[in-house]
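Indexing begins at 1, ligand by ligand and atom by atom, following the structure's order. Worth saying up front: this structure is predicted, and the values here are computed from it rather than measured.
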Amino acid sequence: MGSAPATVHEIRRTLRADGPATVLAIGTANPTTCIPQDEYTDYYFRLTKSEHLTELKDKLRRICKRSGMEKRFFHHDEALLSANPDFADRTLPSLDARVEIASAAVPELAAAAASKAIAEWGRPATDITHLVFSTYSGARAPSADLRLASLLGLRASVSRTVLSLHGCYGGARSLQLAKEIAENNRGARVLVACSDLTLIGFYGPEAGCLDTIVGQGLFGDGAGAVIVGADPVGPTERAIFEMVHATQATVPGTEDAITMQLMKGGLDFHISDQVPKLLGASIERCLLDAFGSLGMSGVKWNELFWALHPGGRAILDRIEGVLGLEDGKLAASRQVLRDYGNMSGVTVIFVLDEVRKRRAAQGGGGPEWGVMMAFGPGVTIETMVLHALQSNET
Ligand code: COA
């Protein structure tokens, strides 16, 4: 070497970003088929030819009524289900056909969301250095991330990571990974893309498995994308949120509370009716730990802004109750739940988008500090402390 070698510590300093990871842009997308929640029960029982299961039908009607949802979007429609009648009966082998359809549709929906995020970001797609992709709706390699990279025209050297079957915490996990990547690689621009389609686990009701009814009543399809990077380059890049600190916790002894498994007839899933209670009992500890590690004690939960995964109306009610949150604190989560249902890992990206839109509508006002949380199999709780930037800050 011509000059004196730098020490590894000096090299590390130059390779790492100076500032924290920030959210630079957000995009969302949904398929076109939209079913109002008050029509869903009739629609689902007709499509799955299960009209004779009247007790289950009444139960789904009760769940839909109490879901806090007005509508949901789906990739599958009557034509697709007529062409694949085996999807309605999960004792029949249909996984091959489901995976085939999802392999095309999952990256296409992700591309629709990512294109919006890239347009808002303002830089060319080829400036993206890393891609973190999350879905529960695929089972193939190369995965949807490669197809997405091709649809968007990302550079061949883009560094790709896929998170599979993380369920409702897939989006939050991806954002935490993106934060680590952005802070450890100066100049990195990470595209987080999540795309979840219920088609992989759509089948008719069964008397022995009430989880099916619950799942059919709650879940919808969508895709969300976020561009994450540190040290925004003005004037093109503008940071929306600083990603200050992220943690993950697992609630002990709850491995069986939320589960998913690919089986010959589609994705088998179970959701215990104890989930709202389990989360309610653990949530404050996660918040205290997250803010405690920043040296922030005595944080008032009502003084934060909230981007909470709306896993179900009962989860939001429970968390609101245990934390003593004022009316309106979870408004962004409730609105996303109302307009789209639970889109699994994607949902938290919609909520983040809704939070920033609401802040912008108030002229950039609102609490400076906030928290993003999502929950899924494990039971896993993801917590990220966020700091909102006012419109004149970068
Ligand atoms: N498994 C089986 N049945 C369930 C259930 C579950 N996980 N959760 C609710 N039910 C049943 C109830 O037993 C009840 O049956 P019934 O009408 O025959 O008595 C019916 O669903 C409606 O429940 P109810 O208590 O009247 O309404 P609710 O206020 O609890 O609202 C939900 C129903 C599903 C909207 C609500 O329970 C919820 O949001 N649950 C959380 C969903 C969840 O865990 N999501 C995790 C994904 S991260």
Would you list the pairs meeting ring-ring contact (aromatic ring centres under 6.0 Å, His included) in which at least one residue belongs to residues 354-379, sequence neighbours left out?
W369-H387
Other than I11, what residues sit in its cluster of Ile, Leu, Val, Met, Phe, Trp and Tyr side chains whose heavy atoms are under 4.5 Å apart, directly or through others?
L15
Has R72 got its NZ or CZ under 6.0 Å from the middle of the six-membered ring of Y340, at an angle within 45 degrees of the ring axis?
no
Residues in salt bridge (charged side-chain N to carboxylate O under 4.0 Å, His left out) contact with D339, at least two apart in sequence or another chain:
K71
Assign the ring pair Y40 / Y43 to parallel, tilted or perpendicular, where the plane angle (0 to 90°) is split at 30° and 60°.
tilted
Which atom pairs, nitrogen or oxygen on both sides, join ligand 1 and the protein at under 3.5 angstrom?
from, atom 1, to, atom 2, distance (Å)
ligand 1, 7 (N), I271, O, 2.8
ligand 1, 7 (N), D273, N, 3.3
ligand 1, 15 (O), K59, NZ, 3.0
ligand 1, 17 (O), R62, NE, 2.5
ligand 1, 17 (O), R62, NH2, 3.3
ligand 1, 18 (O), K59, NZ, 2.7
ligand 1, 18 (O), R62, NH2, 2.8
ligand 1, 26 (O), R66, NE, 3.3
ligand 1, 27 (O), R66, NE, 2.7
ligand 1, 29 (O), R66, NE, 3.0
ligand 1, 29 (O), R66, NH2, 2.9
ligand 1, 29 (O), R313, NH1, 3.0
ligand 1, 29 (O), R313, NH2, 2.8
ligand 1, 31 (O), R313, NH1, 3.4
ligand 1, 39 (O), R313, N, 3.1
ligand 1, 39 (O), A314, N, 3.0
ligand 1, 45 (N), G311, O, 3.3

Within 45 degrees of the axis of the six-membered ring of F133 and under 6.0 Å from its centre: does R160 put its NZ or CZ there?
no
